[in-house]
Amino acid sequence: MVRFRNAQPADADRCFEIETAAYEGDEAATHAKICKRIETYPEGFLILEIDRRIIGFINCGCAHQVEMSDEEFKELIGHDPDAPNVVIMSVVVDPMEQGKGYSRSLMDEFVKRMQHMGKMTIYMMCKEHHVPLYEKLGYEYLRPSASNHGGMAWHEMSKRLDQNSAVCPQSGR
């Protein structure tokens, strides 16, 4: 059974395990950063479970002005939960579960939740080979990033959220 939910502090160990298995070298967030992200903004930390086992997650912070190469933001310095812009820090699926459509499911659910929260734009960075995937999901390529996080080359992308297609939480429509 597939289930989406917000992260809880007890999820940090499993999320760190997935993060380090899926990302190369220094690009993975530390255990401390994952704990801080869960503690600071659980509404922006979406977990995907299958049969009560965490197999993937997305986490983010929000800002009024977005500077994707800002390394301090990865520790949520400057995060404002009321800001209209979402900055994704990790989109991760357990390598043993990749290729099954879970990234798309995670992203679709994440977008719906951000729309419900009234967010206007989602920003993210990805490696070059992921650009076509995110373009299929409606993200627009912006530019090569000034960030060299983890010693890697990154590319900036964004997606404007259509507030008219968001489901109204009170009415369910």
Side-chain angles (χ1 to χ4, degrees), residues 2-98 102-103 105-107 109-111 113-114 116-117 119 121-130 133-134 139 142 144-159:
V2 175
R3 181 174 92 128
F4 295 100
R5 65 174 176 81
N6 291 90
Q8 301 167 1
D11 299 325
D13 289 347
R14 176 66 179 142
C15 290
F16 178 68
E17 181 182 309
I18 294 170
E19 178 100 355
T20 55
Y23 284 123
E24 299 173 40
D26 291 339
E27 73 178 304
T30 63
H31 191 276
K33 283 183 183 175
I34 288 173
C35 288
K36 181 163 185 158
R37 292 172 188 175
I38 292 171
E39 176 188 318
T40 304
Y41 195 47
E43 303 86 354
F45 203 119
L46 180 64
I47 298 276
L48 169 60
E49 289 182 329
I50 296 184
D51 298 325
R52 298 183 188 211
R53 178 167 166 77
I54 298 171
I55 63 141
F57 63 89
I58 296 176
N59 61 62
C60 70
C62 298
H64 291 280
Q65 298 295 319
V66 173
E67 177 56 53
M68 284 188 270
S69 62
D70 180 1
E71 288 296 313
E72 286 186 339
F73 192 76
K74 291 178 179 71
E75 296 182 42
L76 295 179
I77 295 170
H79 162 71
D80 179 350
D82 297 324
N85 299 307
V86 175
V87 180
I88 292 176
M89 292 178 257
S90 296
V91 178
V92 190
V93 172
D94 185 324
M96 299 300 292
E97 301 292 341
Q98 291 177 3
Y102 295 133
S103 292
S105 296
L106 255 173
M107 290 298 285
E109 181 67 19
F110 182 79
V111 166
R113 288 175 182 232
M114 294 302 110
H116 289 295
M117 293 171 69
K119 303 303 180 188
T121 308
I122 297 175
Y123 292 89
M124 65 180 306
M125 292 191 309
C126 66
K127 293 187 220 167
E128 187 171 4
H129 66 275
H130 286 125
L133 166 70
Y134 291 116
Y139 288 78
L142 299 175
S145 181
S147 174
N148 65 350
H149 176 73
M152 311 279 175
W154 297 94
H155 297 271
E156 297 180 6
M157 302 189 78
S158 71
K159 177 180 181 118

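Applying the side chain to side chain donor-acceptor pair (under 3.5 Å) rule to E67 yields the partners S69; only residues at least two apart in sequence or on another chain are considered. With sequence neighbours left out, the salt bridge (Lys or Arg N to Asp or Glu O under 4.0 Å) criterion links E128 to no other residue. Considering only residues two or more places apart in sequence or on other chains, S105 meets the side chain to side chain donor-acceptor pair (under 3.5 Å) condition with none of them. S158 is linked by a side chain to side chain donor-acceptor pair (under 3.5 Å) to nothing, counting only residues two or more places apart in sequence or in another chain. Every side chain to side chain contact (heavy atoms under 4.5 Å, CB included) that D94 has, sequence neighbours left out, goes to R14, I18, R53, M96, E97. Every residue meeting the side chain to side chain contact (heavy atoms under 4.5 Å, CB included) condition with P9, not counting sequence neighbours, appears here in chain and number order: I38. Partners of E75 under the salt bridge (Lys or Arg N to Asp or Glu O under 4.0 Å) rule, at least two apart in sequence or in another chain, do not exist in this structure. The salt bridge (Lys or Arg N to Asp or Glu O under 4.0 Å) search around R3 returns E49, not counting sequence neighbours. Listed by chain and residue number, H31 satisfy the ring pair (Phe, Tyr, Trp, His ring centres under 6.0 Å) test with F16 (two or more places apart in sequence, or in another chain). Evaluation of the side chain to side chain donor-acceptor pair (under 3.5 Å) rule for E109 yields R113 as partners, not counting sequence neighbours. Taking Y41 as the reference, H79 meet the ring pair (Phe, Tyr, Trp, His ring centres under 6.0 Å) condition, with sequence neighbours excluded.
The stretch residues 56-75 participates, sequence neighbours left out, in these ring-ring contact (aromatic ring centres under 6.0 Å, His included) pairs: F45-F57.
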